[in-house]
Amino acid sequence: MTTTSTTSTTSSLEPDSARQGYDRDRAVRVAVLGVGMMGQDHARRLATLTAGAELVAVSDVDVARTDAVAKEFGVRAIHDPKAAIADPEVDALVIATPGFTHEELVLLALEAGKPVLCEKPLTTSAETSRRIVEKEAELGRRLVQVGFMRRFDTGYQQLRALIESGEYGAPLFLHCAHRNATTPPNFSSEQLMLDSVVHEVDVVRYLTGEEIVAIRVIAPRSTTQAPEGLLDPQFVIMETESGVLVDVEIFVNTTFGYEVRTELVAEKGQARIGLPEGMVTQSGAGWGGSIPKDFKERFGVAYDVEFQRWIDAVRAGTNVDGPGVWDGYAAAAVCAAGVESLKTGQRIEIDLGAKP
Ligand code: ISE
């Protein structure tokens with residue numbers, strides 16, 4: 001969408017002087033790489049909703065899908081994602097391809113000097129994410145934002161503000177539940193960590209302002225509703241630097257809806273977010289509310305805000321207004337340790353090393 005934005009950004013980053021030639025009066029021309037479910041949703045968002053953005057191209061390994069989505073939005077289909085990154089008529093990129101492709105694409109975008117909004121996970125291992133952190137530091141310019149959209153959700157923002165205010169004293173526990181109705185085909189036991197728990201990892205860092213130093217994953221009996229071989233549910237225990245204890249129930253084949261909840265237990269009070277939205281009824285006939293069907297519905301507004309603030313930051317020359325590469329790296333390192341714990345049954349400690 002190419003009208004001028006009225007959303008103000010709260011970014012305090014310095015404008016990127018290396019992009020001084022960029023014409024800030026025109027819309028940011030964006031290509032979306034990967035147009036599966038999430039990429040298509042983002043393409044629609046950019047084409048119809050995000051002020052100051054112009055969707056100019058889409059790219060996907062599935063040629064027929066690329067062509068169909070390009071036709072739907074009246075934009076170019078570029079079958080090779082590397083060509084889309086290099087294209088002189090593309091200013092910025094949204095990467096929504098599978099996680100294992102992210103390292104190569106993000107590094108190419110960094111070399112091309114183009115701002116990127118990369119869907120989570122930044123990459124699927126600590127080493128590959130660390131390479132991105134180092135590459136960006138070498139360039140001396142922030143270019144990569146990571147798609148942890150929950151940071152743009154009002155509930156999480158309120159809970160963080162409450163913790164920061166100190167009113168309830170120090171946080172002691174965070175109890176998290178993350179439930180999906182079903183999983184996409186071929187979802188593996190590791191993906192519960194890498195694709196789903198990764199959000200909880202980021203939320204814990206966002207809410208507490210602390211790094212996670214240890215993780216343990218336990219697999220109880222699996223639901224018969226999960227595909228054969230998938231360890232679902234799993235129970236994750238994390239410890240932060242100051243000793244806040246976090247537990248996450250991750251259960252991705254509940255069969256009926258999408259629920260993401262966090263309960264804070266602090267020294268002088270408790271708070272909960274993510275309870276069923278909409279009207280909750282209680283009468284002689286029983287109790288009832290409504291549960292969103294998936295994350296596109298539950299976090300729709302958060303995605304909209306995330307995209308608007310990212311485009312505003314690109315136009316302002318600051319490129320990032322939200323979680324960056326260090327956040328993506330920290331989350332990838334914790335999740336990789338979680339996968340190791342799932343395999344070994346051990347508590348795994350995490351050492352992120354120095355921040356460049
Ligand atoms: C999916 O990729 C997401 O990012 C959702 O937010 C998460 O709830 C889901 O479990 C993931 O598969």
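For reference, positions follow the sequence shown, starting with 1. Both ligands and their constituent atoms are indexed starting at 1 by order of listing.
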Which residues pass the ring pair (Phe, Tyr, Trp, His ring centres under 6.0 Å) test with H102, not counting sequence neighbours?
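Partners of H102 by the ring pair (Phe, Tyr, Trp, His ring centres under 6.0 Å) criterion come out as none, since no residue qualifies.
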
Do R151 and Y206 have side-chain N/O donor and acceptor atoms under 3.5 Å apart?
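No, no side-chain donor-acceptor contact under 3.5 Å.
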
So, D312 and Q308: side-chain donor and acceptor under 3.5 Å apart, yes or no?
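There is such a pair (donor and acceptor under 3.5 Å, judged by atom type) between the side chains of D312 and Q308.
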
Give me the other members of the hydrophobic cluster that L172 sits in, counting Ile, Leu, Val, Met, Phe, Trp and Tyr linked by side-chain heavy atoms under 4.5 Å, directly or via other members.
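Result for L172 is F173, I218, F235, I237, L245, V265.
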
Pairs of nitrogen or oxygen atoms, one from ligand 1 and one from the protein, closer than 3.5 Å: please tabulate them with distances.
from	atom 1	to	atom 2	distance (Å)
ligand 1	2 (O)	K120	NZ	2.9
ligand 1	4 (O)	K120	NZ	2.9
ligand 1	4 (O)	H199	NE2	2.8
ligand 1	6 (O)	H199	NE2	3.1
ligand 1	6 (O)	Y258	OH	3.4
ligand 1	8 (O)	H178	NE2	2.6
ligand 1	8 (O)	Y258	OH	2.7
ligand 1	10 (O)	H178	NE2	3.4
ligand 1	10 (O)	N180	OD1	2.6
ligand 1	10 (O)	S196	OG	2.7

R150 and Y156: side chain to side chain donor-acceptor pair (under 3.5 Å), yes or no, with the steps?
CA-CA 7 Å; R150 290 195 195 173; Y156 287 98; 3.1 Å; yes

Show me the donor-acceptor pairs within less than 3.5 Å that the side chains of residues 347-355 make with the rest of the protein, sequence neighbours left out.
from	atom 1	to	atom 2	distance (Å)
R347	NE	E239	OE2	2.9
R347	NH1	E349	OE2	2.9
R347	NH2	E239	OE1	3.0
D351	OD1	G353	N	3.0

